[in-house]
Amino acid sequence: MKLAVTAQGPDLESEVDPRFGRAAWFLIVDAETGAWEAVDNSSGVNAASGAGVTAAQTVIDRGASVVITGACGPKASSALGAAGVKVIVDAEGKASGAVKRWMDSERDEVGGS
Amino acid sequence: MPQDLGVRVRIAVASGKGGTGKTTIAVSLASALADDGERVTYVDCDVEEPNGHVFLGPTFERTENVEVPVPSIDAARCTACGRCVEVCEFHALALVDGGVLAFPELCHGCGGCTLVCPEGAITEVPRALGVIEEGTAGRLRFMRGRLTVGEAMSTPVIRTLKKQLPTDGFVILDSPPGTSCPVIETLKDVDHLLLVTEPTPFGLNDLELAVGTARTLGLSMSAVINRRDAGDTGVQEYLEREGIDVWLGIPHDRAVAEAYARGVLPAAEVPGYAEGIRSLVEEVVRLRTEEESIR
């Protein structure tokens with residue numbers, strides 16, 4: 001399973017970018033192996049319009065099934081929703097911490113049920 | 001002397017910065033020209049928030065919908081090849097979960113997706129963006145575009161409006177603020193640009209952007225400095241350097257703001273303002289004489 005975290009820089013020690021469509025970077029993290037790659041979104045940052053849809057397309061194409069970000073607009077949400085991607089909002093702090101918090105909560109959910 | 005020689009003079013009133021007095025100048029100029037017996041049409045191109053009607057009180061005789069063609073995708077035919085998504089400059093389409101998802105509010109109606117679809121899975125359906133309204137206000141012809149609340153694309157509404165301009169008389173186009181697409185659409189092909197500015201650093205910054213835009217479009221320009229005694233001399237010096245004539249400087253006067261706030265043309269209440277507008281009328285009539293001699 002892959003996660004996409006919006007980040008202000010190209011690595012997991014960067015802060016979570018509070019915006020989805022206009023995030024500086026997407027960090028695509030493999031939840032099983034911990035392997036990750038950084039995807040530059042400077043074209044989205046500078047887009048006149050359609051940044052949210054383009055960003056959704058980017059993370060969908062990379063095979064992410066969960067997005068962790070600060071906030072996600074309506075068009076991006078509906079594109080992600082149509083692809084069955086789960087969106088976690090209000091994330092903050094370092095990207096690595098946001099990923100860990102999500103994994104811990106998933107584990108709790110699975111363990112508790 | 002009233003005349004109708006079949007000559008059309010299109011004058012856009014723009015500013016860069018919002019709130020400098022574009023609409024007040026545009027409606028005042030249009031109204032004063034009409035009082036002189038000129039054939040004149042006031043055109044409100046600020047379709048996101050038109051307000052010329054507040055001062056001119058038009059009666060509308062005709063309304064026309066403005067629509068853009070947007071894609072409708074036949075999921076049974078779509079093979080999710082993604083060509084439509086690639087060709088869309090405005091990211092109005094996304095390829096998700098083996099199908100194509102359309103976002104009509106982002107679509108500019110270029111038709112590219114329909115052309116590239118190898119399966120014939122896309123048909124175009126009209127989507128309403130706003131309306132064009134036309135009527136009279138006293139002796140004036142009055143036209144305006146109105147973008148539907150919640151819509152983001154004003155350019156197609158302005159484009160449709162401009163296709164319907166009368167072919168003679170004075171046409172005063174009240175521009176939206178800024179220097180982006182809606183302003184370019186408004187200024188395109190006009191005969192003259194009247195820049196309404198104010199002598200503040202903010203006014204100057206946006207004036208420079210507006211002048212740069214107008215130079216790119218190859219427009220002749222002149223300026224009105226509103227509240228001319230309110231700020232500094234930066235705007236005046238800039239206009240001199242650029243060789244742009246100042247047709248009018250309007251002193252700061254609370255009575256003008258009070259008339260405006262009541263939706264009354266300031267010229268009706270402030271004698272000095274009426275005089276200023278008279279001088280503008282003389283300038284645009286002279287401009288027409290120049291236009292006639294060129295043709």
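To find a chain, count down the sequence lines: A is the first, B the second, and so on, and within it residues start at 1.
Between C84(B) and V100(B) there is a side-chain heavy-atom pair separated by less than 4.5 Å. Side chains of E198(B) and V235(B) form no contact here, defined as non-hydrogen atoms less than 4.5 Å apart. Two residues are said to be in side-chain contact when any heavy atoms from C-beta on lie closer than 4.5 Å; V224(B) and L195(B) fail this criterion. Side-chain contact between L12(A) and V29(A) is present, with at least one heavy-atom pair separated by less than 4.5 Å.
Annotation: residues 200-213 of chain B contacts chain A through no residue [non-hydrogen atoms, separation under 4.5 Å]. Contacts of residues 122-130 of chain B with chain A at a heavy-atom distance below 4.5 Å are absent; not one residue qualifies.
Under the side-chain hydrogen bond (donor to acceptor under 3.5 Å, both in side chains) rule, N51(B) has a single partner from D46(B), T23(B), D174(B), which is T23(B).
For the pair R146(B) (side chain) and E48(B) (backbone), a donor-acceptor distance under 3.5 Å is absent. At least one donor-acceptor pair under 3.5 Å links the side chain of K162(B) to the backbone N or O of K188(B).
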Q.
Using the rule given for salt bridge (Lys or Arg N to Asp or Glu O under 4.0 Å), can you reason through E185(B) versus R159(B), listing the C-alpha separation, both sets of side-chain angles and the distance that settles it, and then say yes or no?
A. CA-CA 7 Å; E185(B) 194 62 44; R159(B) 192 180 302 134; 3.8 Å; yes
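Note that CE of M221(B) is 4.5 Å distant from CD1 of I244(B), once rounded to the nearest 0.5 Å. Atom-to-atom distance recorded for E49(B):CD and D44(B):CG is 10.0 Å, nearest 0.5 angstrom. Taken from CD1 in I132(B) to CG in L161(B), the straight-line distance is 4.5 Å, to the nearest 0.5 Å.
Here ring pair (Phe, Tyr, Trp, His ring centres under 6.0 Å) pairs that include residues 114-134 of chain B, with residues two or more places apart or in two chains, number zero.
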Are there any donor-acceptor pairs closer than 3.5 angstrom between chain B and chain A, and if so, which ones?
residue	atom	partner	partner atom	Å
H91(B)	ND1	T54(A)	OG1	3.0
L95(B)	N	Q57(A)	OE1	2.5
L95(B)	O	Q57(A)	NE2	2.8

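Between F55(B) and Y42(B), a ring centre-to-centre spacing not shorter than 6.0 Å is recorded.
For chain A, the nearby part of F103(B) is the side chain; its heavy atoms alone come within less than 4.5 Å. Using a 4.5 Å cut-off between heavy atoms, L106(B) contacts chain A through its side chain alone, with no backbone atom that close.
Using a cut-off of 4.0 Å between Lys/Arg side-chain N and Asp/Glu carboxylate O, E134(B) and R144(B) are scored as not salt-bridged.
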